[in-house]
Amino acid sequence: MYSEKVMDHFQNPRNVGEIENASGVGTVGNAKCGDIMRIYLDIDDQQIIRDVKFKTFGCGAAVATSSMATELVKGKTIYEALKITNKAVMEALDGLPPVKVHCSLLAEEAIHAALWDYAQKNHIVIEGLEKPKNDISEDEEEEEY
Ligand code: FES
């Protein structure tokens, strides 16, 4: 049912933890399943993501997608990170079962929320970044799977 990569990232998630005095922190939940994700970003003066950590109270697919998402954003600029979609994360994991696709949205939204927090703290505008939602379940029906 799950790809080897999903199982690997679920069993050995990368970048678990938190960052003290993070440049940006984002927390999102999905009220339907009750899962919660928090992502910490450490961003330098060049707007490059030097470090990223996550913590989740979520299902296995949420753990695996967040693990992969953190790997994909590390070392990227904030604009490159903004472009990383849940679809790209799923592709990098060789896919997810259809009923688990919504789980991959937690990581994408938490990254956006952390970037939003960073922008607020630094009084900057990140073009293309919309104000994140705390609960992503409202949007689910609109997503194309
Ligand atoms: Fe809630 Fe997967 S079931 S994130």
Side-chain angles (χ1 to χ4, degrees), residues 1-43 47-122 125-145:
M1 177 168 168
Y2 288 114
S3 73
E4 269 175 39
K5 281 190 190 164
V6 172
M7 291 309 291
D8 177 32
H9 277 263
F10 169 55
Q11 278 162 348
N12 309 293
R14 319 319 191 241
N15 307 309
V16 173
E18 49 189 282
I19 296 173
E20 248 180 82
N21 303 318
S23 316
V25 182
T27 307
V28 296
N30 182 329
K32 277 191 190 149
C33 62
D35 291 347
I36 296 169
M37 175 75 53
R38 178 168 295 163
I39 288 198
Y40 301 79
L41 297 177
D42 181 18
I43 301 168
Q47 299 191 327
I48 292 168
I49 298 170
R50 289 290 167 207
D51 199 10
V52 48
K53 296 264 192 256
F54 81 95
K55 275 181 151 182
T56 187
F57 186 78
C59 72
V63 171
T65 50
S66 302
S67 169
M68 180 55 90
T70 56
E71 289 283 272
L72 292 178
V73 301
K74 204 188 260 189
K76 300 280 190 336
T77 68
I78 56 173
Y79 285 99
E80 286 167 339
L82 189 57
K83 286 196 207 121
I84 296 172
T85 62
N86 70 309
K87 289 195 181 87
V89 173
M90 286 191 294
E91 271 168 31
L93 285 169
D94 295 336
L96 274 181
V99 295
K100 287 286 170 188
V101 169
H102 74 274
C103 311
S104 65
L105 289 169
L106 271 182
E108 180 189 312
E109 284 301 313
I111 288 168
H112 290 180
L115 288 171
W116 182 267
D117 182 42
Y118 162 76
Q120 297 281 93
K121 281 182 180 152
N122 290 279
V125 173
I126 300 177
E127 232 161 282
L129 178 64
E130 287 172 19
K131 193 171 192 305
K133 302 185 181 62
N134 295 327
D135 174 14
I136 61 165
S137 65
E138 299 152 18
D139 281 356
E140 263 172 32
E141 276 77 348
E142 293 162 26
E143 288 290 321
E144 284 176 43
Y145 293 159

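Both ligands and their constituent atoms are indexed starting at 1 by order of listing.
- F57 CZ: 12 or fewer foreign heavy atoms inside a 6.0 Å radius.
- With a heavy-atom cut-off of 4.0 Å, L106 touches ligand 1 through its side chain alone.
- If you take CD on E80 and CG on L72, they are separated by 11.5 Å, rounding to the nearest 0.5 Å.
- Annotation for N134: atom CG does not count as buried by contact number, only 12 or fewer foreign heavy atoms lying within 6.0 Å.
- In the model, D94 has no side-chain atom that pairs as donor or acceptor with a side-chain atom of S3 under 3.5 Å.
- The pair K133-E109 does not count as a salt bridge, with every side-chain nitrogen at least 4.0 angstrom from each carboxylate oxygen.
- Between atom 2 (Fe) of ligand 1 and H102 there is no N/O/S contact shorter than 2.8 Å.
- Per-residue contacts place C59 under 4.0 angstrom from the following atoms of ligand 1 (heavy atoms of the residue considered): 2 (Fe), 3 (S), 4 (S).
- Residue contacts with ligand 1 do not include K32, since none of its heavy atoms lies under 4.0 Å from the ligand.
- Geometry note: atom 1 (Fe) of ligand 1 is the vertex, D35 OD2 and C33 SG are the arms, and the angle is 110° (rounded to 10 degrees).
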